[in-house]
Amino acid sequence: MGDILGRAPKYLAIRDDLIARIRRGEFAPGDALPGQRQLSEEYGVSLMTLRQALDELDHRGVVEQLPGRGTYVRAVPVPYSMGNLRSLADDLRAHGIEVLTRVVRREIVGVPPDVAARFGMPAGGQVLRLERIRVIRGVPLIHQVSYIPQPLADAISEVDFADQELYGVLAERAGAVAAEATETIAAVPMPEQVGGLLGIPAGQPAMRSERVTRDADRRLLVVDLAVLAGSGVVVTNIRAAGGQQVSYAMRD
């Protein structure tokens, strides 16, 4: 195991390696990690260094340390509400969850024929294609591709979306305010290309979200296609006299 430590601080390298092992399914939610002495010998580090790594994992919500009982992989759901028009990242932050965004690619492209056919975008037109990775509690969990049609695309093409959210930018820079959205969610195996970006083996359980957002005049604003990693999704439908709210939680 010594070769995984490299030049980074040892406890951070161990933290990242344990996250990778959990993501590969070596340790499932609810499983106990090997004992601290065993792990310290496995990684060739002191108990103090190993405990620093475990404290990092505990702080991020990846594991739970139970005095006298050991360290267990958490099975904590990451909630995602479908009952509002907030962006995915803003919705998670509303639950107090740390979300970072990595922009993979941002470019003006021709509308892909399948996107035009399925979502009613003008064939032969151009769109801004925005590809992002959402990092939750320090772990890449969501791959998201957004298509924004013209003339909105040109108005926001130079924005740094690592620091700003798409729906807020559309409202501020283009006066395009989301008024309604239709979202479809389905269970899928993790696609190979997306799995490579998230560090998850292809074929593992995942969810695919397709969301079409429009303004008050039903003008198309955004087509969002997202793949969410997780071993299971819990869907909740809260019904009340005033309406209903649907939400789901992704287990990380």
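In this structure, Asp154 and Ile108 have side chains that are in contact, with non-hydrogen atoms separated by less than 4.5 Å. When side chains are defined from C-beta on, Leu170 counts as touching Leu152, because their heavy atoms get closer than 4.5 Å. At least one side-chain heavy atom of Arg218 sits under 4.5 Å from a side-chain heavy atom of Glu180. Between Pro191 and Gln193, every side-chain heavy-atom pair lies at or beyond the 4.5 Å cut-off.
Here the straight-line distance linking atom CG of Leu221 with atom OH of Tyr167 works out to 8.0 Å at 0.5 Å rounding. To the nearest 0.5 angstrom, Leu18 atom CG is 6.5 Å from Phe27 atom CZ. The CD atom of Gln126 sits 11.0 Å away from the CD atom of Glu107 when rounded to the nearest 0.5 Å. Atoms OG1 and CD, on Thr184 and Glu210 in that order, are 6.0 Å from each other to the nearest 0.5 Å. Expressed to the nearest 0.5 Å, how far CD1 of Ile14 lies from CD1 of Ile19 amounts to 12.5 Å. Distance CZ/Arg69 to CD/Glu64: 8.0 Å, rounded to 0.5 Å.
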Problem set entry | Evaluation steps, side-chain contact (heavy atoms from CB on, under 4.5 Å), between Gln150 and Val127 | CA-CA 6 Å; Gln150 296 287 16; Val127 292; over 6 Å; no
For this session: May I have the step-by-step check of side-chain contact (heavy atoms from CB on, under 4.5 Å) for Val227 and Met207, ending in yes or no?
Result: CA-CA 6 Å; Val227 175; Met207 296 297 290; over 6 Å; no
For this session: Check the pair Tyr147, Asp224 against side-chain hydrogen bond (donor to acceptor under 3.5 Å, both in side chains), reporting the backbone distance first and the verdict last.
Result: CA-CA 6 Å; Tyr147 294 97; Asp224 276 313; over 6 Å; no
Exercise. When you look at Leu166 and Ile156, which way does the side-chain contact (heavy atoms from CB on, under 4.5 Å) test go after all the steps?
Worked result: CA-CA 9 Å; Leu166 176 57; Ile156 65 172; 3.7 Å; yes
Exercise. Going through the distances and angles, do Leu33 and Val63 end up as a side-chain contact (heavy atoms from CB on, under 4.5 Å)?
Worked result: CA-CA 9 Å; Leu33 295 182; Val63 303; 4.1 Å; yes
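Under the 3.5 Å distance criterion, the side-chain polar atoms of Asp160 are matched with a main-chain donor or acceptor of Ala162. Side-chain atoms of Glu165 never come within 3.5 Å of backbone atoms of Val169 as a donor-acceptor pair (strictly under, hydrogens ignored). Looking at Arg208, its side chain never comes within 3.5 Å of a backbone N or O of Ile185 through a donor-acceptor pair.
Counting all heavy atoms, side chain and backbone alike, Glu192 lies closest to Ala202 at CA-CB, 3.6 Å. When all heavy atoms of Ala181 and Arg211 are compared, the pair lying nearest together is CB-NE, 3.8 Å. Heavy-atom minimum distance, Arg102 versus Pro140: NH1-CG, 4.0 Å. Closest heavy-atom contact between Ala171 and Val177: CB-CG2, 4.1 Å. The two residues Pro189 and Ala206 have their closest heavy-atom pair at C-CB, 4.5 Å. Annotation for Ser157 and Leu128: closest pair CA-CD2, 4.2 Å, computed over non-hydrogen atoms.
Residue Val111 is not grouped with residue Leu130 when hydrophobic side chains (ILVMFWY) are merged at heavy-atom distances under 4.5 angstrom, including chains of intermediate members. Hydrophobic clustering (side-chain heavy atoms under 4.5 Å, transitive across Ile, Leu, Val, Met, Phe, Trp, Tyr) groups Ile22 together with Leu228. Leu225 and Met121 fall within the same hydrophobic cluster, defined by Ile, Leu, Val, Met, Phe, Trp and Tyr side-chain heavy atoms under 4.5 Å apart, directly or through other members. Connection of Val104 to Val223 is not established within any shared hydrophobic cluster, with ILVMFWY side chains joined at heavy-atom distances below 4.5 Å, either directly or through further cluster members. Residues Leu57 and Val45 are members of one and the same hydrophobic cluster, defined by side-chain heavy-atom contacts under 4.5 angstrom among Ile, Leu, Val, Met, Phe, Trp and Tyr.
Side chains of His143 and Glu131: a donor-acceptor N/O pair is present below 3.5 angstrom, by distance only. Residues Ser209 and Glu183 bring a donor and an acceptor atom of their side chains to less than 3.5 Å of each other. No side-chain donor from either of Arg51 and Thr49 sits under 3.5 Å from a side-chain acceptor of the other.
Checked for salt-bridge contact, Glu42 and Arg21 meet the test: a charged N lies under 4.0 Å from a carboxylate O.
For the side chain to side chain donor-acceptor pair (under 3.5 Å) with Thr101, the lone residue among Arg134, Arg132, Gln144 that qualifies is Arg134.
Residues meeting the side-chain hydrogen bond (donor to acceptor under 3.5 Å, both in side chains) test with Asp58, sequence neighbours left out: Gln65.
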